[in-house]
Every structure is written in C-alpha cells, then in structure tokens.
Amino acid sequence: SFTHNTIISGLCRANRMPEANRVLNEMVEGGLKPDLVTYNALIDGYCREGNVGKAFEVYNGLVMKGMQADVYTYGSLMNGVCKTDRMEETRILIKEMLLHGVMPNVISYHSLAKAYCDKGNIEVAFLVRDEMLERGVMPDVAFYNVLIDGLCKAGEMETSMQLLREMLDKRLIPDDIIYTTLIDGYCRIGNCSEAVMLLFRLVETGFKPNVVTYTSLICGMCQANKMEEANKLFEEMRTINLMPNEITYSVLINGYANAGNMQDAFRVRDEMVKSG
RNA sequence: AUUAAUAAAUUC
C-alpha cells in the first residue's frame, strides 16, 4: 500500500534495511502484495549499502513473479554496480534493460559517467555522452554537471568553463549546482579569488548562491589559510538569510583549529550549539 | 514527500 511503501522507502534511504524488511513482512502478513515501487525501494536500499548481490536477488525475484522492471529499477541497479569495482557489468545491465524493453533515459547514464569520472577516466565519461547521443538521449544539466565536476576535481578549470559555454550554446540553463561546482573547482586548485570573482559576476546576473556554495568558498578560504576571509563569508551568509548547516560549521571550526586558533574554533562551536 | 542520478567537510 501507499503507506507501507512510504515507510519502506524511507527506511531504505536511511540504510535501515532490517527494519524495512520487517515492515515488508507485516505488509505481506496483512495480506497486502508488495508492488514494483516496494521492490524498487528495496533494491535501491541494498545498493546503497553496497549489497548489490542482494539487490539482484530482489530483482530476479520480481522478474520471476512476472513483474516488469522499470527505469527506476535499472537506475538503482546501475547506481549500485557503478559503486563496485565491476564496471564491466554496467554493459550487461544496459543490455538487460533493452532486452526487457526498457529504454535507458538520461538518468540511467548519470551514474555511469560519474563512476568513470571518480575513477579518473574522464575521457570514458565523455564516451558515455557520445553513446547517449547515439541512442538519442540528450545530456541534461545534471549530466553536464557530472562532467564539469569531473573536470573540476581533476583541476581542469579551463575545460570546465568551456563545457559551461557549450551548455549555454545548447540553450541549457545552468543551475545553482553547476555554478557551485565551478566555484568549488576554483577553490580546489587554490584559486579562491577567481572563485569569489565568479560568484560576484554570477550574483550580478541574478544567481542565488546556496549553503553549499558558501560552504565550498569557506572551505577554500580555510585551506588557503585565509581565515579572515572565511569568517567574512560566514557572516555574509547571515545578511542574505542563508543558514549555515552542520557541514558549514565543521568546515569553519576545523579551519580555525588547523590554523591553531582554538579560541575562535570554540567560539564557532558554541555558536553552533546555541543555534541547535 | 511512495521508488533511481549531479555540487560542500569528515570517513574511504
């Protein structure tokens, strides 16, 4: 039922599989049949905890029941396989979905491209894009972000910015995630001033930075030992009504601690405790 | 808010 599915998917997302299975059992004992949404949630939960074998067991089970897996099922499995070291199996999975008449969509390719980027194979991630295009699947903004992020983490900021221009040429509207990725990229190569300048230019065109944007910048400043700048950005968040989160606080606290400024580290920690 | 993907610290 709707209610059971809601609870089960919540537990699966929270990596609480034993409890999810308990609810599943109650559901079955109550005479209710799990549906595809239920199974998809379980498959995703097992993939999240790295138990791809169990995820495939659930998948095989639903196929044997004569149920038709959908693009969500394969998306979760793809994600799970990508997080293992058995990337060859992603090919088999794509064949399997086509065999079952399920066409990969753009999301099906996200995990694949990201996995290649994370393994340092950005060229292969670009090949994934070519493969998508051959199948008539258009890369979307989130897909571009996977590539841009891969390039940023490899320190290739010129190429990242080129991709941004390519997106704009294709009439894709970059979102706050794209811009935050780029700002973070400049911070990572230690070019905080370029990161701040980019933010400044973007804000002038109407961009609304979020907590992640600021946390990235603060982190960059901390790593560059520019604690006054880090604190300035932290204070600036208040003025635009952005609430720092746990990560923002821990970045700043660690920054002060690493700089040997325990007094400010404790001051920020107290402030964090006070704000809940 | 019933199910899959992309950005920030720590862990890897």
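Letters A, B, ... mirror the listed sequences (proteins, then strands); counts begin at 1. All values below come from the heavy atoms of this structure, side chains included, with hydrogens, waters and symmetry mates left out.
Scanning for ring-ring contact (aromatic ring centres under 6.0 Å, His included) contacts around A:Tyr59 gives A:Tyr74, with sequence neighbours left out.
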Check step by step if side-chain hydrogen bond (donor to acceptor under 3.5 Å, both in side chains) holds for A:Asn79 and A:Asp44.
CA-CA 8 Å; A:Asn79 205 12; A:Asp44 188 54; 4.9 Å; no
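Ring-centre distance between A:Phe234 and A:Tyr249: below the 6.0 Å cut-off.
Between the side chain of A:Asn60 and the backbone N or O of A:Phe56, at least one donor-acceptor pair lies under 3.5 Å.
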Would you give a per-nucleotide map of nucleotides 4-11 of chain B, 5' to 3', where B means the base has a protein non-hydrogen atom under 4.0 Å away, S means only the sugar-phosphate does, and - means neither?
BBBBBB--
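Cluster partners of A:Phe266 are A:Met262, counting Ile, Leu, Val, Met, Phe, Trp and Tyr whose side-chain heavy atoms approach within less than 4.5 Å, directly or via other members.
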